[in-house]
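The structure appears right after this line, and notes come after that.
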Amino acid sequence: MTVELQQGLEREQYCYLETRGRKSERPHEIEIWFAADGHTLYMLAGGRDRADWVRNLREFPQVRLRVGRVTYDGTAETIEGSEEDPVVRRMLAAKYQGWSEVQPMSRWAQESLPVAVRLSELAL
């Protein structure tokens with residue numbers, strides 16, 4: 001069962017992504033910029049595949065997200081090269097860098113690794 005992000009939470013500045021350590025299997029939480037569309041949250045990994053959180057979610061794609069005071073469970077995946085990829089880059093660049101169609105996109109927005117987290121349920 002998928003759930004949608006509660007209305008208004010897309011305006012939050014950060015979400016908190018909890019992955020499971022690929023070696024330790026312990027929870028690891030990061031604060032990260034995000035954009036939301038329905039039941040999916042998107043992030044960009046500036047460190048690309050070198051980022052620990054990306055390496056963790058590739059090993060264990062089941063993640064937990066906290067946005068505001070609401071916590072969700074979800075499944076993460078990298079989406080570079082997909083139809084969502086350019087849309088996600090524009091969404092995040094617009095939200096955090098004031099980007100618009102008449103401007104060049106920042107290096108961060110162009111080169112980071114896009115990640116999607118499909119929300120599956122509210123966590124208790």
Side-chain angles (χ1 to χ4, degrees):
M1 178 177 109
T2 60
V3 298
E4 290 202 12
L5 187 67
Q6 287 186 6
Q7 194 168 13
L9 291 179
E10 71 281 351
R11 291 188 296 271
E12 292 284 332
Q13 285 296 304
Y14 305 100
C15 74
Y16 296 85
L17 173 68
E18 182 183 293
T19 59
R20 187 162 43 140
R22 64 194 174 283
K23 294 178 184 174
S24 70
E25 297 191 18
R26 288 196 202 141
H28 294 270
E29 183 179 84
I30 63 165
E31 178 182 81
I32 190 166
W33 286 349
F34 75 100
D37 184 20
H39 69 276
T40 305
L41 267 64
Y42 299 102
M43 294 138 232
L44 290 174
R48 298 193 52 86
D49 293 320
R50 295 178 314 278
D52 280 333
W53 65 274
V54 172
R55 294 165 75 188
N56 289 345
L57 68 82
R58 284 203 163 137
E59 183 71 24
F60 299 108
Q62 298 306 320
V63 298
R64 183 161 279 180
L65 280 164
R66 184 169 38 89
V67 183
R69 291 190 171 108
V70 183
T71 302
Y72 300 89
D73 287 330
T75 304
E77 64 179 327
T78 59
I79 57 168
E80 191 165 44
S82 72
E83 288 181 16
E84 293 169 295
D85 181 341
V87 175
V88 168
R89 293 176 190 282
R90 289 191 296 267
M91 287 170 61
L92 283 153
K95 181 175 179 179
Y96 292 101
Q97 299 178 321
W99 175 83
S100 71
E101 294 284 340
V102 298
Q103 302 171 295
M105 205 175 282
S106 72
R107 189 172 177 181
W108 168 77
Q110 289 179 36
E111 297 178 5
S112 295
L113 181 66
V115 173
V117 176
R118 317 286 179 201
L119 303 179
S120 55
E121 59 187 80
L122 288 171
L124 300 175

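In terms of modelled atom types and a separation under 3.5 Å, the side chain of Thr75 and the main chain of Arg118 share no donor-acceptor contact. Without hydrogens or angle criteria, Glu59 side chain to Asn56 main chain gives no donor-acceptor distance under 3.5 Å.
Annotation for Trp53 and Ile32: closest pair CZ2-CD1, 3.4 Å, computed over non-hydrogen atoms. Scanning both residues, Gly74 and Val117, for their nearest heavy atoms gives CA-CG1, 4.1 Å. When every heavy atom of Met43 is checked against every heavy atom of Cys15, the shortest pair comes out as CE-SG, 4.3 Å.
The neighbour count for Glu25 CD, taken as heavy atoms of other residues, nucleotides or ligands under 6.0 Å away, is above 12. Within a 6.0 Å sphere centred on CD of Gln7, heavy atoms belonging to other residues, nucleotides or ligands number 12 at most.
Residue pairs meeting the ring-ring contact (aromatic ring centres under 6.0 Å, His included) criterion with at least one member in residues 77-105, sequence neighbours excluded, are Trp33-Tyr96.
The CG atom of Leu92 sits 10.0 Å away from the CE atom of Met105 when rounded to the nearest 0.5 Å. Taken from CD in Glu12 to CZ in Arg69, the straight-line distance is 9.0 Å, to the nearest 0.5 Å. Thr71 contributes atom OG1, which lies 6.0 Å from atom CZ of Arg66 (distance to the nearest 0.5 angstrom).
In summary, Glu10 and Lys95 do not engage in a salt bridge, as defined by a charged side-chain N under 4.0 Å from a carboxylate O. Salt-bridge check for Arg89 with Glu80: passed, with a basic side-chain N closer than 4.0 Å to an acidic carboxylate O.
Under the 4.5 Å side-chain heavy-atom criterion for ILVMFWY residues, no single connected hydrophobic cluster contains both Phe60 and Leu17.
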